[in-house]
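The structure appears right after this line, and notes come after that.
All chains are named by letter (A, B, ...) in the order of the sequence lines, taking the proteins before the strands, and each is independently numbered beginning at 1.
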There are 2 protein chains.
Amino acid sequence: MTVPALNNWQSVQDEVVRRIHGGVWNQGDLIPNEADLAREFGCARATVNRALQSLADSGLLDRRRKAGTRVAMLPVRKATLEIPLIRKEICDKGHTYGYAQVTRRRVPSPARLASKMNLPRGTKLLHLLCVHSADAKPYVIEERWINPDAVPAVEGVDFSQISPNEWLLKHVPFSAGDIAFFAMSADQPVADLLECEVGEGLFVIDRSTRRDTQAITSVRLIFAPGYRMHTVLSLPT
Amino acid sequence: MTVPALNNWQSVQDEVVRRIHGGVWNQGDLIPNEADLAREFGCARATVNRALQSLADSGLLDRRRKAGTRVAMLPVRKATLEIPLIRKEICDKGHTYGYAQVTRRRVPSPARLASKMNLPRGTKLLHLLCVHSADAKPYVIEERWINPDAVPAVEGVDFSQISPNEWLLKHVPFSAGDIAFFAMSADQPVADLLECEVGEGLFVIDRSTRRDTQAITSVRLIFAPGYRMHTVLSLPT
DNA sequence: ATTTTTTATATGTCTGCACATATTAATGAG
DNA sequence: CTCATTAATATGTGCAGACATATAAAAAAT
């Protein structure tokens with residue numbers, strides 16, 4: 001009695017997930033090697049490889065050369081967040097986008113930022129404070145620090161017309177960086193800008209980006225009350 | 001004059017990224033097709049395919065059959081969040097893990113949850129309130145709702161010994177779901193549990209998971225002040 | 001002019017094969 | 001017994017060729 005051949009990597013993946021769900025293979029178990037699975041499923045080893053590699057990426061399997069493939073002990077769930085352009089995010093929700101620059105200054109980099117962005121001491125940074133709004137209500141504060149050494153063109157840009165968020169995405173795309181999410185309580189200046197109560201809990205994103213090792217920009221996004229960042233935990237099957 | 005062959009997919013990827021960075025290909029541009037690139041780079045089409053597909057996954061390229069591959073217009077940055085077991089997260093930081101169950105009840109599902117979890121009206125849920133702590137200081141509140149229809153075994157579990165977070169990960173792994181991040185202000189009961197001030201801004205994660213279409217569990221994690229969720233935006237090169 | 005059908009094309013993926021590489025396990029030297 | 005060397009093995013990845021599939025563009029029909 002032969003099973004119909006699983007001749008594409010998705011169906012192989014599904015079958016593997018089914019076996020894990022069904023308890024055929026339990027957490028920590030070593031599963032058969034690619035060649036054996038390929039024979040069993042009636043497909044090429046490359047197909048099995050694609051399926052297993054994809055499952056390893058999503059955290060269900062642990063794979064190591066020679067050691068083989070085993071079902072992950074602590075399946076670390078991975079969520080993929082898409083970080084959109086703020087204007088796009090607001091427009092996609094069907095609101096009218098608004099934008100205003102509040103302040104623009106050149107200042108020596110504060111110590112906290114200098115270390116975070118790995119800057120030489122005394123580097124001058126461009127500091128911008130802006131507000132994005134949805135249907136004329138404040139949506140998010142963008143507090144932006146830009147390293148002019150990394151982006152000389154920034155000196156001539158009028159950020160009352162285009163947000164740093166958008167300009168940087170267009171002109172300095174595809175850089176690496178890191179990102180942190182947390183909550184803070186609104187202080188007076190923030191509450192004024194977001195038109196909310198002092199002390200209210202606000203969702204905040206800190207992000208800094210660099211190209212190679214040179215720091216480009218660091219930004220703090222402080223969202224108005226009610227903001228939710230949402231995504232999906234998708235798993236095969 | 002020939003270029004040394006780019007004979008692995010990583011170097012092909014690097015070269016493509018270099019061309020985008022260097023302005024050879026600009027945002028929105030159509031790039032040569034896989035066959036041409038393979039010829040130019042001196043490798044197989046499959047290798048180019050692997051490289052471009054990976055770049056499309058990370059949002060740098062848009063690809064469509066017949067239409068070809070172009071540099072993404074609005075490169076949507078993607079961050080991958082790893083959502084660990086709470087106990088593991090605390091231990092990894094070098095703290096002593098503590099756990100306590102506060103309450104356990106069986107209650108009719110509140111309307112808000114019933115719709116979110118897509119439950120028939122009047123379903124009874126198991127409701128648990130627990131606190132995880134690090135070095136004896138409250139770290140996060142776990143407010144958990146479990147659908148006993150989906151996980152009958154849950155009735156016999158003593159959640160004063162093991163957290164729902166951990167038990168569910170062990171016994172109902174690999175489910176799909178969705179997740180939201182936001183901020184709230186501490187009310188009195190929350191402030192009591194987290195030993196913080198009323199009104200303080202707190203980081204919150206709402207997550208609900210299901211297998212197929214059946215709702216399994218929904219959880220709200222309310223983190224103590226100061227919590228930061230951190231990850232890396234990594235890009236090829 | 002508009003709609004439908006056909007065709008051409010770029011990506012998507014499978015196959016079978018080969019070799020590279022990491023890492024465990026066996027072997028041998030001291 | 002311990003440490004270094006060697007062999008065995010599972011995954012990682014490359015190649016050439018083939019066919020599948022989506023879809024933009026061209027051709028045909030209304």
Query raised in the report: Starting at the 5' end of DNA chain C, which residue's closest nucleotide do you reach first, A:G42 or A:A67?
Result: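 Checking each residue's closest nucleotide, the 5'-ward one belongs to A:G42.
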
Report task. Hey, which sits more toward the 5' end of DNA chain C by its nearest nucleotide, A:W9 or B:N33? Result ->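 It is B:N33 whose nearest nucleotide is closer to the 5' end.
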
Report task. Go through A:N49 and A:E34 one step at a time and tell me if the side-chain hydrogen bond (donor to acceptor under 3.5 Å, both in side chains) criterion holds. Result -> CA-CA 7 Å; A:N49 181 280; A:E34 295 183 348; 2.9 Å; yes

Requested in this report: Please figure out whether A:K66 or A:R63 has its closest DNA chain D nucleotide nearer the 5' end.
Outcome: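 Nearest nucleotide further toward 5': that of A:K66.
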
Pairs under 3.5 angstrom, nitrogen or oxygen only, protein versus nucleotides 17-20 of chain C, please.
{"unit_1": "C:dA18", "atom_1": "N6", "unit_2": "A:R45", "atom_2": "NH2", "d": "3.4"}

Ignoring backbone atoms, establish whether [X] has a side-chain N or O less than 4.0 Å from OP1 or OP2 of [N].
{"X": "B:N49", "N": "C:dT11", "result": "no"}
{"X": "A:T69", "N": "D:dT11", "result": "yes"}
{"X": "A:R50", "N": "C:dT13", "result": "yes"}

Query raised in the report: Does some side-chain heavy atom of A:E142 sit less than 4.5 Å from a side-chain heavy atom of A:V219?
Result: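 A:V219 reaches A:E142 side chain to side chain.
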
Requested in this report: Please examine the side chains of B:L61 and B:R70, heavy atoms only from C-beta on, and report whether any two atoms are closer than 4.5 Å.
Outcome: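 When only atoms from C-beta onward are counted, B:L61 and B:R70 do not touch, as no gap falls below 4.5 Å.
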
Query raised in the report: Nearest to the side chain of B:Q53, which nucleotide is it out of D:dG14, D:dG12, C:dG12?
Result: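 The answer is C:dG12, which lies nearest to the side chain.
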
Requested in this report: Just say parallel, tilted or perpendicular for the rings of B:Y97 and B:H132, cut-offs at 30° and 60°.
Outcome: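 Tilted, since the angle between the ring planes falls between 30° and 60°.
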
Query - Whether A:Y139 and A:F223 hold their rings parallel, tilted or perpendicular, with breakpoints at 30° and 60° - result: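 Ring orientation of A:Y139 relative to A:F223: perpendicular.
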
Check nucleotides 5-7 of chain C for protein N or O atoms closer than 3.5 Å to its own N or O atoms and list the pairs.
none

Query raised in the report: Should we count NZ of A:K137 as having more than 12 external heavy atoms under 6.0 Å?
Result: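 No, because the 6.0 Å sphere around NZ of A:K137 holds 12 heavy atoms or fewer from other groups.
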
Query raised in the report: Going by atom types alone, do A:D178 and A:S208 pair a side-chain donor with an acceptor below 3.5 Å?
Result: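 Yes, A:S208 and A:D178 have a side-chain donor paired with an acceptor closer than 3.5 Å.
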
Requested in this report: State which residues pass ring pair (Phe, Tyr, Trp, His ring centres under 6.0 Å) with A:F182; sequence neighbours excluded, sorted by chain then number.
Outcome: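 Counting only residues at least two positions away or on another chain, A:F182 forms no ring pair (Phe, Tyr, Trp, His ring centres under 6.0 Å).
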
Provide, to the nearest angstrom, the distance between the [atom1] atom belonging to [X] and the [atom2] atom belonging to [N].
{"X": "A:L61", "N": "D:dA10", "atom1": "CG", "atom2": "P", "result": "17 Å"}
{"X": "A:R64", "N": "C:dT21", "atom1": "CZ", "atom2": "P", "result": "19 Å"}
{"X": "A:R70", "N": "C:dT24", "atom1": "CZ", "atom2": "P", "result": "11 Å"}
{"X": "B:D62", "N": "C:dA10", "atom1": "CG", "atom2": "C1'", "result": "15 Å"}
{"X": "B:N8", "N": "D:dG12", "atom1": "CG", "atom2": "P", "result": "15 Å"}
{"X": "B:R39", "N": "D:dG17", "atom1": "CZ", "atom2": "C1'", "result": "15 Å"}
{"X": "A:E34", "N": "D:dT9", "atom1": "CD", "atom2": "P", "result": "16 Å"}

Query raised in the report: Quick check: does any side chain N or O of B:H171 sit under 3.5 Å from a backbone N or O of B:W167, one acting as donor and the other as acceptor?
Result: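 Checking the backbone N and O of B:W167 against the side chain of B:H171, a donor-acceptor pair under 3.5 Å is found.
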
